[in-house]
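No experiment lies behind these values; they were computed from the predicted model shown.
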Amino acid sequence: MAVAIEIVAVGNELLLGDVQDTNSNWLCRRFTALGGRVRRVTMVGDEVDTISEVVRAALDRGAQLVVTTGGLGPTDDDLTLRAVARALDRPLREHPTARAWVAATYAELARRGHVASAEVTPSRAKMAQLPAGAEPLANGVGAAPGALLRRDDGSIVVSLPGVPDELMDIVRGALRPYLTALFGQGAYEEWRARVDSGDESVLAPILSEVASRHPDVYIKSRAKRFGLGVTFMVSLSARGEDPAQARARLQAAWRALEQALDRAGIAARLEEGSVGGEDRCAP
């Protein structure tokens with residue numbers, strides 16, 4: 001069964017529309033490619049009570065992995081780790097490794113002349129305050145470490161920075177061994193096909209019939225508009241214990257869909273380069 005995941009995107013700037021939440025999109029693609037299933041993405045402001053409530057609710061719903069993005073910095077409105085600590089009934093404590101990383105980052109920034117001082121001020125030290133029991137995740141791009149906390153029931157809460165380059169660095173680096181252990185060798189693959197039909201209502205019963213015969217494959221049409229000469233894109237995606245199993249499921253569903261469309265007089269073809277995708281089989 002696919003790992004159940006929820007993402008909590010934190011930041012007033014997201015709710016105001018000043019910043020687009022590209023992090024959640026990237027994480028959804030990443031986790032899906034590893035064989036996970038993102039069940040929900042929630043966007044919240046920089047409020048301890050709200051963040052805490054959403055994290056707790058995700059765990060109560062049975063999420064095996066809860067990922068927060070944003071709110072790990074040095075400013076007063078960076079409150080995510082305090083909220084996670086509250087959600088899990090744990091105190092905040094300075095983590096010595098996290099503090100050493102923060103100190104080393106500012107020492108290097110000072111050496112380069114990017115900041116005036118290497119001093120670990122209270123604002124900078126704040127980034128080393130993690131929920132008790134959390135493991136720091138090294139940030140190779142910025143100053144704020146991520147944090148990973150395991151619960152007794154096996155679920156995991158991960159907190160990542162909101163700066164996209166920092167988030168991606170941690171996911172591809174420090175978080176990678178944990179993701180490998182969590183997802184195992186599961187694989188995900190998606191194929192896309194162009195269908196010569198401008199009426200989704202004609203396609204719907206065909207797709208539904210094929211999907212019912214291939215329950216391990218998710219089949220979805222993606223309509224943009226009606227009209228003569230319009231082609232629809234249909235996606236087929238599947239998970240498996242390994243790449244071969246995922247691909248075999250897709251091949252069987254695609255053959256059935258191609259035949260069903262042909263009987264209806266509708267041409268279809270796989271898009272070049274649509275098979276698979278970035279990081280589809282490995283963290």
Side-chain angles (χ1 to χ4, degrees), residues 1-11 23-24 26-28 30-73 78-99 101 126-139 144-162 166-186 188 239 283:
M1 182 177 294
V3 174
I5 305 162
E6 293 203 25
I7 298 170
V8 182
V10 180
N23 287 332
S24 292
W26 187 84
L27 289 171
C28 284
R30 187 87 181 184
F31 294 147
T32 300
L34 296 175
R37 181 168 69 94
V38 179
R39 302 193 307 189
R40 186 179 305 223
V41 176
T42 307
M43 190 182 297
V44 298
D46 297 297
E47 299 173 354
V48 171
D49 290 344
T50 304
I51 302 167
S52 175
E53 176 186 327
V54 170
V55 170
R56 192 181 301 114
L59 294 168
D60 289 345
R61 282 189 291 267
Q64 297 160 274
L65 174 63
V66 178
V67 179
T68 69
T69 66
L72 305 190
D78 288 316
L79 303 168
T80 299
L81 290 177
R82 187 191 304 177
V84 169
R86 181 179 296 183
L88 301 180
D89 246 351
R90 307 204 182 191
L92 274 179
R93 291 178 181 164
E94 183 172 274
H95 195 289
T97 301
R99 183 184 173 92
W101 289 347
K126 171 179 172 290
M127 293 184 284
Q129 294 278 329
L130 309 184
E135 304 170 51
L137 299 170
N139 182 344
L148 180 145
L149 202 150
R150 301 176 184 272
R151 300 175 74 227
D152 293 340
D153 65 0
S155 59
I156 297 173
V157 179
V158 173
S159 294
L160 300 171
E166 297 182 28
L167 176 145
M168 293 178 189
D169 176 82
I170 292 176
V171 172
R172 288 169 170 154
L175 190 59
R176 180 169 179 160
Y178 300 97
L179 296 179
T180 300
L182 180 63
F183 291 104
Q185 297 304 311
Y188 169 89
R239 296 179 177 87

By side chain to side chain contact (heavy atoms under 4.5 Å, CB included) - contacts of Arg93 (at least two apart) = Pro91, Ala132
If you take all heavy atoms of Ala58 and Val66, which pair is closest and at what distance?
-> CB-CG2, 3.8 Å
How long is the span from the CG atom in Leu167 to the CZ atom in Arg172, to the nearest 0.5 Å?
-> 9.5 Å
Give a yes or no on whether Arg56 atom CZ has more than 12 heavy-atom contacts from other residues, nucleotides or ligands under 6.0 Å away.
-> yes
Can you find a pair of side-chain heavy atoms, one from Pro131 and one from Leu88, that are under 4.5 Å apart?
-> no
Is Asp169 reaching over with its side chain to a backbone N or O of Asn139, donor-acceptor style, under 3.5 angstrom?
-> no
Under 3.5 Å: donor-acceptor pair, side chain of Gln64, backbone of Ala4 | yes
Over 12 foreign heavy atoms within 6.0 Å of CD, Gln129 | yes
Would you please test Leu149 and Leu130 for side chain to side chain contact (heavy atoms under 4.5 Å, CB included) and show each step?
-> CA-CA 9 Å; Leu149 202 150; Leu130 309 184; over 6 Å; no
Determine the minimum heavy-atom distance between Leu59 and Ser155, stating which atoms define it.
-> CD2-OG, 3.8 Å
Give the C-alpha distance, both sets of side-chain angles, the deciding distance and a yes or no for side chain to side chain contact (heavy atoms under 4.5 Å, CB included) between Tyr178 and Ile156.
-> CA-CA 10 Å; Tyr178 300 97; Ile156 297 173; 5.6 Å; no
What are the two closest heavy atoms between Asp78 and Lys126, and how far apart are they?
-> O-NZ, 2.7 Å
When rounded to the nearest 0.5 angstrom, what distance separates CG in Leu160 from CG in Leu27?
-> 6.5 Å
Give the minimum heavy-atom separation between Arg90 and Gly133, together with the two atoms involved.
-> NH1-CA, 4.1 Å
Closest heavy-atom contact between Pro136 and Trp101?
-> CB-CZ3, 3.5 Å
Evaluate the side-chain proximity of Val10 to Val54: yes if any heavy-atom separation is below 4.5 Å, no if none is.
-> no
Assess whether side chain to side chain contact (heavy atoms under 4.5 Å, CB included) is satisfied between Arg176 and Thr180, documenting all intermediate values.
-> CA-CA 6 Å; Arg176 180 169 179 160; Thr180 300; 4.3 Å; yes
Atom CG of Leu34 and atom CD1 of Ile5: how far apart are they, to the nearest 0.5 Å?
-> 8.0 Å
Which donor-acceptor pairs under 3.5 Å do side chains of residues 43-50 form with protein atoms, sequence neighbours excluded?
from  : atom 1 : to    : atom 2 : distance (Å)
Asp46 : OD2    : Asn12 : N      : 2.9
Asp46 : OD2    : Asn12 : ND2    : 3.4
Glu47 : OE1    : Thr50 : OG1    : 2.9
Asp49 : OD1    : Arg86 : NH1    : 2.4

Do you know which two heavy atoms are closest between Arg39 and Ala63, and how far apart they sit?
-> NH2-N, 3.3 Å
Is there a donor-acceptor pair under 3.5 Å between the side chain of Ser159 and the backbone N or O of Thr68?
-> no
Which value, rounded to the nearest 0.5 Å, describes the distance between Arg99 atom CZ and Met127 atom CE?
-> 11.0 Å
With the side chain counted from C-beta on, respond yes when Val158 and Leu148 share a heavy-atom pair under 4.5 Å apart, and no when they do not.
-> yes
CG/Asn23 to CZ/Arg30 distance, rounded to the nearest 0.5 angstrom?
-> 13.0 Å
CG of Asp89 to CZ of Arg151, rounded to nearest 0.5 Å, is 10.0 Å
